[in-house]
Engineer: 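Mind having a look at this structure? Questions to follow.
One is the number of the first residue; the rest follow in order along the sequence. Since this is a predicted model, take the numbers as computed values, not measurements.
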Amino acid sequence: MADRREHAASLWRPTPRLQQHQTDRTKQLVSEGEEGREERGLVRKLGLWDVILLGIGASIGAGIFVITGTVAHDAGPGVVVSFAIAGLVCFLNALCYAELSSRFPAIVGGAYLYAHSTFNELIAFIVFCHLMLDYHIGAASIARSLASYLASLFITFPAVNSWWPAWMGPGGQELLGGWLSINILAPVLLIGISSVLCLGVRESATMNGVMTATKVCIILLVVAAGSWKIEPTNWIPFAPNGLTAIITGSTVVFFAYIGFDAVANSAEESKRPERDLPIGILVSLLVCAVLYIAVCLVITGMVPYQLLGGDAPLSMAFSAKGLVFISVLIDIGAIAGLTTTVLIGLYVQSRLYLGLGRDGLLPSIFANIHPKYHTPLWGQIWVGLVAGVLSLFIDVSHLSHILSVGALTGYSVVCACVIVLRLPLEQQAGDELHTLISRKRSKAVLGIILVACFSFITGLFFRAKLHPIFSAVGILLAAFSATPVYLHQGYSSPPGFSCPGIPTVPLLSIVFNMILFAQLHWEAWVRFVVLSFLAVLFYFLYGQHHANRATSTSRSEPFYEKAHSLDNEESFQGS
């Protein structure tokens with residue numbers, strides 16, 4: 001009975017922060033190099049360029065080779081604005097990720113780790129489950145697309161086309177009225193990519209670097225060659241279906257930018273994480289935004305937007321202009337882009353499982369590090385197996401409408417973490433000040449929750465195409481709900497990278513995230529409720545009974561001086 005009470009208490013208690021001996025431990029993990037950690041776990045082999053290429057490789061894939069045409073077909077040349085809006089919203093989220101990656105530079109975990117340290121195990125576990133489902137389905141879906149690209153390439157040769165079976169793609173061999181769709185090539189590709197990831201992070205980073213450089217060069221060539229074929233009349237009208245189509249398009253292309261969590265989860269394998277992770281997050285986002293916007297300008301200027309769409313809009317645009325050679329290069333770039341997206345998606349999954357295995361919320365086998373390759377071997381095999389089974393039997397593109405919930409949920413929690421971590425620390429205060437700080441922090445958290453709720457309602461008003469006055473009222477209510485986050489609160493600036501405009505920037509990120517959340521398919525909302533319930537059920541049946549409190553506490557220490565916490569307290573008293 002006593003153990004159960006302790007579990008229940010620890011569930012709602014945030015992980016202790018800024019204890020000096022654990023801060024020193026975090027510093028030790030950051031400062032010790034590859035030689036000091038060879039026998040204990042992951043090895044720091046990733047430099048700044050590796051981290052930047054990791055973020056670019058995670059984002060540049062199906063988004064630039066497929067989604068650009070799909071959105072342009074509806075938004076017209078205004079797809080450029082769609083990508084710009086999505087990029088701006090992602091930039092706000094990236095600022096929050098950059099700060100937390102600087103404060104927690106020594107340990108893998110990303111959004112899960114940040115939520116665990118700021119709030120509690122249960123919230124962190126729910127965030128993990130939503131992110132993981134997105135990653136599992138996304139990896140299988142992209143593997144299917146990659147298999148289709150390769151199959152299409154192979155069957156262009158008559159000798160191969162004569163015997164190529166349907167169960168190797170493109171698409172798959174449909175059974176049971178389409179409920180099953182067998183594709184052998186997709187899991188074979190996943191086995192190969194997973195094998196590279198098992199061999200070591202250096203080998204994985206090399207493969208990602210080569211393929212990312214290849215696809216970026218091809219995209220630059222596409223932009224340069226296509227610029228000579230632009231007809232400005234194709235940009236008129238710029239927004240044929242109005243602002244609504246552009247905003248809706250931004251909700252679709254938003255997810256073409258996601259690479260933050262991939263960079264954040266390289267923390268334990270980065271040579272200088274406290275410096276490289278924030279730079280990697282922001283630079284990779286900027287590069288992706290520039291490439292997306294440039295490609296959209298070119299293809300909508302080359303051909304009328306009505307002709308765009310389908311699975312290969314870039315190839316179609318260049319083929320229509322007689323540039324068949326460029327179309328071949330685009331297919332090569334698409335293969336490289338999809339490969340790196342799968343590679344990094346599987347990489348992130350295994351590191352997240354590693355963090356959960358260390359904390360005891362999942363079986364400890366996921367925390368095992370291979371002594372020779374220094375990779376979470378069993379976790380890597382598991383995520384490859386799950387994606388392989390999904391891609392073998394199911395055309396997971398049908399599940400695309402329930403994706404993106406994890407990204408929006410994780411982003412919003414990360415933004416909330418930045419606000420709460422900037423508030424004074426309870427551990428450093430006396431009894432009277434401790435009570436006052438707790439009360440003010442609770443009000444701030446309640447304000448954040450209300451901002452999220454009213455922003456979601458505002459998104460629903462916009463989705464239902466109600467009179468703009470309803471959306472305006474929703475925004476005003478969200479702004480009013482933010483009052484406790486501003487009133488009588490003291491926010492300090494941590495060392496390392498500091499997100500500007502606290503708490504405004506994180507709150508704006510939450511507002512935009514929730515408005516986008518409201519634009520998702522209704523089945524995505526059902527998925528959010530059902531998966532959250534299952535996550536809570538699993539936590540109470542397994543996680544809370546196996547959680548390693550000491551390990552999770554020591555792993556969740558932010559990387560800044562204890563003396564800074566005194567500044568926090570002084571800042572609070574001064575406010």
Engineer: Could you state the interatomic distance from CG (Asn93) to CG (Leu408), rounded to the nearest 0.5 Å?
Structural biologist: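 Between atom CG of Asn93 and atom CG of Leu408 there are 8.5 Å.
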Engineer: Compare all side-chain heavy atoms of Val405 with those of Phe517 and state whether any distance is below 4.5 angstrom.
Structural biologist: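 When only atoms from C-beta onward are counted, Phe517 and Val405 do touch, with a gap below 4.5 Å.
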Engineer: For the pair Lys45 and Glu268, find out whether any cationic side-chain nitrogen is under 4.0 Å from an anionic carboxylate oxygen.
Structural biologist: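 A salt bridge is absent here (no side-chain N lies under 4.0 Å from a carboxylate O).
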Engineer: I need the single residue from Trp378, Phe128, Tyr347 that forms a ring pair (Phe, Tyr, Trp, His ring centres under 6.0 Å) with Tyr353. Which is it?
Structural biologist: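 Looking at Trp378, Phe128, Tyr347, the match for Tyr353 under the ring pair (Phe, Tyr, Trp, His ring centres under 6.0 Å) is Phe128.
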Engineer: Can you see which heavy atom on Asn265 is nearest to which on Gly110, and at what distance?
Structural biologist: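 Closest heavy-atom pair between Asn265 and Gly110: OD1-N, 3.6 Å.
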Engineer: Between Ser455 and Ile515, what is the shortest heavy-atom contact and its length?
Structural biologist: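 Taking every non-hydrogen atom into account, O-CG1, 3.5 Å.
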Engineer: Got a donor-acceptor contact below 3.5 angstrom from the Asp359 side chain to the Leu361 backbone?
Structural biologist: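 Side chain of Asp359 to backbone of Leu361: no pair is present.
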Engineer: Given the side-chain rings of Phe528 and His130, with only the six-membered ring counted for Trp, is the space between their centroids under 6.0 Å?
Structural biologist: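 Aromatic pair counts; centres sit under 6.0 Å.
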Engineer: Identify the heavy atoms of Ser509 and Cys415 that sit nearest to each other, and give their distance.
Structural biologist: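 That would be CB-SG, 3.3 Å.
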Engineer: Between Arg44 and Asp276, does any side-chain N to carboxylate O distance fall below 4.0 Å?
Structural biologist: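 No, no charged N to carboxylate O under 4.0 Å.
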Engineer: I need the minimum non-hydrogen distance between Cys417 and Leu100, along with the two atoms involved.
Structural biologist: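 For Cys417 and Leu100, the tightest heavy-atom pair comes out as CB-CD1, 3.8 Å.
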Engineer: Are side-chain heavy atoms of Ile230 and Trp235 found at a separation under 4.5 Å?
Structural biologist: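 With C-beta onward as the side chain, the pair touches.
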Engineer: Between Arg144 and Ser391 (side chain of the first, backbone of the second, donor and acceptor by atom type, cut-off under 3.5 Å), is there such a pair?
Structural biologist: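 It does hold such a pair.
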Engineer: Tell me which one of Val283, Val216, Ile293, Ile60 satisfies side chain to side chain contact (heavy atoms under 4.5 Å, CB included) with Cys288.
Structural biologist: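 Per the side chain to side chain contact (heavy atoms under 4.5 Å, CB included) rule, the option paired with Cys288 is Ile60, out of Val283, Val216, Ile293, Ile60.
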Engineer: Should Lys215 and Thr340 be marked as a side-chain hydrogen bond (donor to acceptor under 3.5 Å, both in side chains) after you check the CA-CA gap, both sets of side-chain angles, and the distance that decides it?
Structural biologist: CA-CA 10 Å; Lys215 65 183 176 183; Thr340 57; 2.5 Å; yes
Engineer: With a 4.5 Å heavy-atom cut-off, do Asn234 and Thr300 have their side chains touching?
Structural biologist: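 With C-beta onward as the side chain, the pair stays apart.
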Engineer: Heavy atoms, side chains only, cut-off 4.5 Å: are Leu356 and Phe366 in contact?
Structural biologist: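 Answer no - side chains too far apart.
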Engineer: Can you measure from CG (Leu113) to CZ (Phe104) and round to the nearest 0.5 angstrom?
Structural biologist: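 With rounding to 0.5 Å, CG (Leu113) is 6.0 Å from CZ (Phe104).
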Engineer: Return yes if some donor-acceptor pair links the side-chain N/O of Asp74 with the main-chain N/O of Ala245 below 3.5 Å, else return no.
Structural biologist: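 Pair absent, no side-chain N/O of Asp74 close to backbone of Ala245.
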Engineer: Taking the side chain as every heavy atom from C-beta outward, state whether Ile247 and Ser250 have any atom pair closer than 4.5 Å.
Structural biologist: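 Result yes, sub-4.5 Å side-chain heavy-atom pair found.
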Engineer: Does Phe533 CZ have over 12 foreign heavy atoms under 6.0 Å away?
Structural biologist: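 No, because the 6.0 Å sphere around CZ of Phe533 holds 12 heavy atoms or fewer from other groups.
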Engineer: Is the shortest side-chain heavy-atom distance between Pro77 and Pro240 below 4.5 Å?
Structural biologist: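 In contact.
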Engineer: Does the side chain of Leu520 come within less than 4.5 Å of Trp525's, by heavy atoms?
Structural biologist: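 Yes. Closest side-chain heavy atoms under 4.5 Å.
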Engineer: For the rings on Phe91 and Tyr257, is their centre-to-centre separation under 6.0 Å?
Structural biologist: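 Centroid distance Phe91-Tyr257: not below 6.0 Å, so no.
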Engineer: Verify the distance criterion only: is there a donor paired with an acceptor across the side chains of Gln306 and His73 at less than 3.5 Å?
Structural biologist: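 Note: Gln306 and His73 side chains miss the donor-acceptor criterion.
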Engineer: Distance from Gln380 atom CD to Leu197 atom CG, nearest 0.5 Å?
Structural biologist: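 Rounded to the nearest 0.5 Å, the CD-CG separation comes out at 4.5 Å.
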Engineer: Within a 6.0 Å radius of atom CZ on Phe538, are there more than 12 heavy atoms belonging to other residues, nucleotides or ligands?
Structural biologist: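 Enclosed.
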Engineer: A side-chain contact here means heavy atoms from C-beta on lying under 4.5 Å apart; do Leu199 and Thr375 qualify?
Structural biologist: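 Contact flag for Leu199/Thr375 side chains = no.
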Engineer: Distance-only, no hydrogens or angles: does the Ser364 side chain make a donor-acceptor pair with backbone N or O of Gly360 under 3.5 Å?
Structural biologist: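 Flag not set: sc Ser364 to bb Gly360 has no pair under 3.5 Å.
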Engineer: Working to the nearest 0.5 angstrom, can you tell me the gap between Leu54 CG and Ser204 OG?
Structural biologist: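 Leu54 CG to Ser204 OG: 9.5 Å, rounded to 0.5 Å.
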Engineer: Roughly how far, to the nearest 0.5 Å, is CG of Leu46 from CG of Leu277?
Structural biologist: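 Reported value, rounded in 0.5 Å steps: 9.5 Å.
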Engineer: Donor-acceptor pair, Ser284 side chain versus Ile281 backbone, under 3.5 Å?
Structural biologist: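 Side chain of Ser284 to backbone of Ile281: a pair is present.
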Engineer: Distance from Asp134 atom CG to Gln349 atom CD, nearest 0.5 Å?
Structural biologist: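 If I round to the nearest 0.5 Å, the distance is 10.0 Å.
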Engineer: Report yes or no: does His521 contribute a side-chain atom to a donor-acceptor pair with the main-chain N or O of Ala524 at less than 3.5 Å?
Structural biologist: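 No, His521 side chain to Ala524 backbone: no donor-acceptor pair under 3.5 Å.
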